[in-house]
Amino acid sequence: MDLKSLRVNGKRLQGSLEEMAKIGATPSGGVQRLALSEEDKRARDLFVMWLKELDLGIIIDDMGNIFGTRPGRDKSLSAVMSGSHMDSQPKGGRFDGILGVMGTLEALRSLHENNIETERPIIIVNWTNEEGSRFAPAMVGSGVWTGNLDRGWACDRLDINGNRFEDELIRISYKGSLPAGKWPVHAYYEYHIEQGPVLEKEGKRIGAPKGIFALQWYDVYLEGEANQVGPTPMAGRHDALCAAAEMILKINELPQRMGGNMVATVGEIQNYPNSRNIIPDRVHFTVDIRSWDDDHALKAWEMVWRDFDEIATRRGCPIKIEETWRVEHSPFDRKLVHRILNIAEELGYSGLHMVSGAGHDASYMNRICPTAMIFVPSIGGRSHVEVENTKWEDCEAGANVLLHAILQSANEK
Ligand code: GLV
Ligand code: MN
Ligand code: MN
């Protein structure tokens with residue numbers, strides 16, 4: 001068969017995505033499939049069943065990462081790996097992560113039904129807990145696998161209800177026996193929705209990011225003094241929530257103060273005791289800072305940290321700050337990035353060289369092997385929300401680019 005004319009089955013890809021979207025479906029058309037939840041387990045069970053149908057060699061490691069290997073002709077050659085994640089945000093979308101896993105599965109199904117052999121093995125992967133929404137930080141499965149996060153630390157992470165990561169992994173029966181640890185990979189591809197507005201605005205179909213922003217996550221804990229809101233005068237209060245409010249606005253203003261290409265967000269907050277007639281005495285909130293420029297992001301944090309200190313002192317609210325996670329910016333392999341753009345052109349799809357503000361497992365994989373990503377447009381630039389959407393024909397186009405990128409890498413000697 002002429003490999004150049006090979007294409008994925010767009011309808012079958014749509015079918016797999018629709019089947020997966022039923023697991024954890026939310027009333028407004030999204031999915032909620034938090035890491036290591038019952039829904040995550042059901043998605044994993046279905047995924048493993050589909051891998052078995054292709055006779056892939058299945059490995060589940062002790063972080064719950066799932067790998068399916070399709071052998072190559074030459075057993076001495078390292079594999080090409082492709083995949084993403086199946087966990088979602090709370091009230092998340094039907095495409096984030098799952099598109100990269102189902103897109104890879106579709107590429108493998110196309111090779112399988114056409115009896116196409118490759119020189120190198122091809123491995124499909126589902127990484128555990130990419131989102132970091134239930135258990136912070138994000139990209140935990142790939143982080144431990146690549147040696148960038150400590151296994152014990154990851155296993156001890158707690159969700160908001162005090163459930164331990166490792167206990168939950170055991171509960172859903174996805175703690176494998178093989179210790180998570182890297183093996184040689186020839187190339188890693190991750191196919192994903194863009195999650196932003198650029199491709200749609202530019203009228204392009206395929207994005208080839210040059211890399212991923214640096215990400216910094218912090219957890220801020222404030223203490224105040226609880227009291228009855230009626231009799232307690234305004235002067236002399238130690239209101240932890242008011243201190244947090246001032247700090248949150250400092251974060252929101254940070255990118256403008258700093259200039260350059262960066263974003264900063266407070267997305268999560270807990271206020272205690274959270275009663276309308278008690279002055280809050282305990283607040284926890286998160287900070288997320290991202291930029292292509294690591295130093296710029298760090299300088300921004302140092303600046304805002306001084307503001308936090310001043311606010312905490314002035315309001316008499318002791319502060320504790322934890323740096324939960326830091327990932328440096330990740331410039332992808334130039335050869336593979338250009339391969340993505342070339343394949344897009346050959347297949348008749350318009351392409352765009354861009355950058356990823358969203359975090360992906362590709363960030364950690366990029367540290368151990370040549371890595372690139374393929375983006376397709378997000379309608380309205382919306383993601384991490386129930387209305388997250390991508391046209392089916394764009395899903396198919398991206399999967400065709402992925403198929404040919406995998407094929408080219410898997411036939412390299
Ligand atoms: C992951 O989805 C992130 O960008 O935070
Ligand atoms: Mn994702
Ligand atoms: Mn996400």
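Both ligands and their constituent atoms are indexed starting at 1 by order of listing. Residue numbers count from 1 along this sequence.
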- Atom CD in Gln408, atom CD1 in Ile343: separation rounded to 0.5 Å? 4.0 Å
- Note on the structure: The option among Glu131, Arg290, His384 carrying the non-hydrogen atom nearest to atom 5 (O) of ligand 1 is Arg290
- Heavy-atom check, side chain of Ile269 versus side chain of His284, under 4.5 Å: no
- Task: Only one of Asp61, Val144, Asp62 passes side-chain contact (heavy atoms from CB on, under 4.5 Å) with Pro179; say which it is.
- Result: Asp62
- Taking only heavy atoms of Ala358 into account, list the atoms of ligand 1 that are under 4.0 Å away from them. 4 (O)
- ligand 1 to Gly359, heavy atom cutoff 4.0 Å, flagged ligand atoms 1 (C), 3 (C), 4 (O)
- Message: Report whether any nitrogen, oxygen or sulfur of His192 sits less than 2.8 Å from the Mn ion (ligand 2) (N, O or S, backbone or side chain).
- Response: yes
- Task: Run the ring-centre check on Phe213 versus His360 and record whether the distance is less than 6.0 Å.
- Result: no
- What protein atoms of element N, O or S are positioned under 2.8 Å from the Mn ion (ligand 3)? Asp96 OD2, Glu131 OE1, Glu131 OE2, His384 NE2
- Task: Side-chain contact test, heavy atoms from C-beta onward, threshold under 4.5 Å: evaluate it for His353 versus Leu341 and give yes or no.
- Result: yes
- Do Trp145 and Tyr188 have ring centroids that are under 6.0 Å from one another? no
- Query: Which pair of non-hydrogen atoms, one from Ala180 and one from Asn65, has the smallest distance, and what is that distance?
  - Reply: CB-ND2, 4.4 Å
- Would Tyr218 and Asp288 count as a side-chain hydrogen bond (donor to acceptor under 3.5 Å, both in side chains) if you check the C-alpha gap in whole Å, the side-chain angles of each, and the deciding distance to 0.1 Å? CA-CA 7 Å; Tyr218 302 93; Asp288 177 310; over 6 Å; no
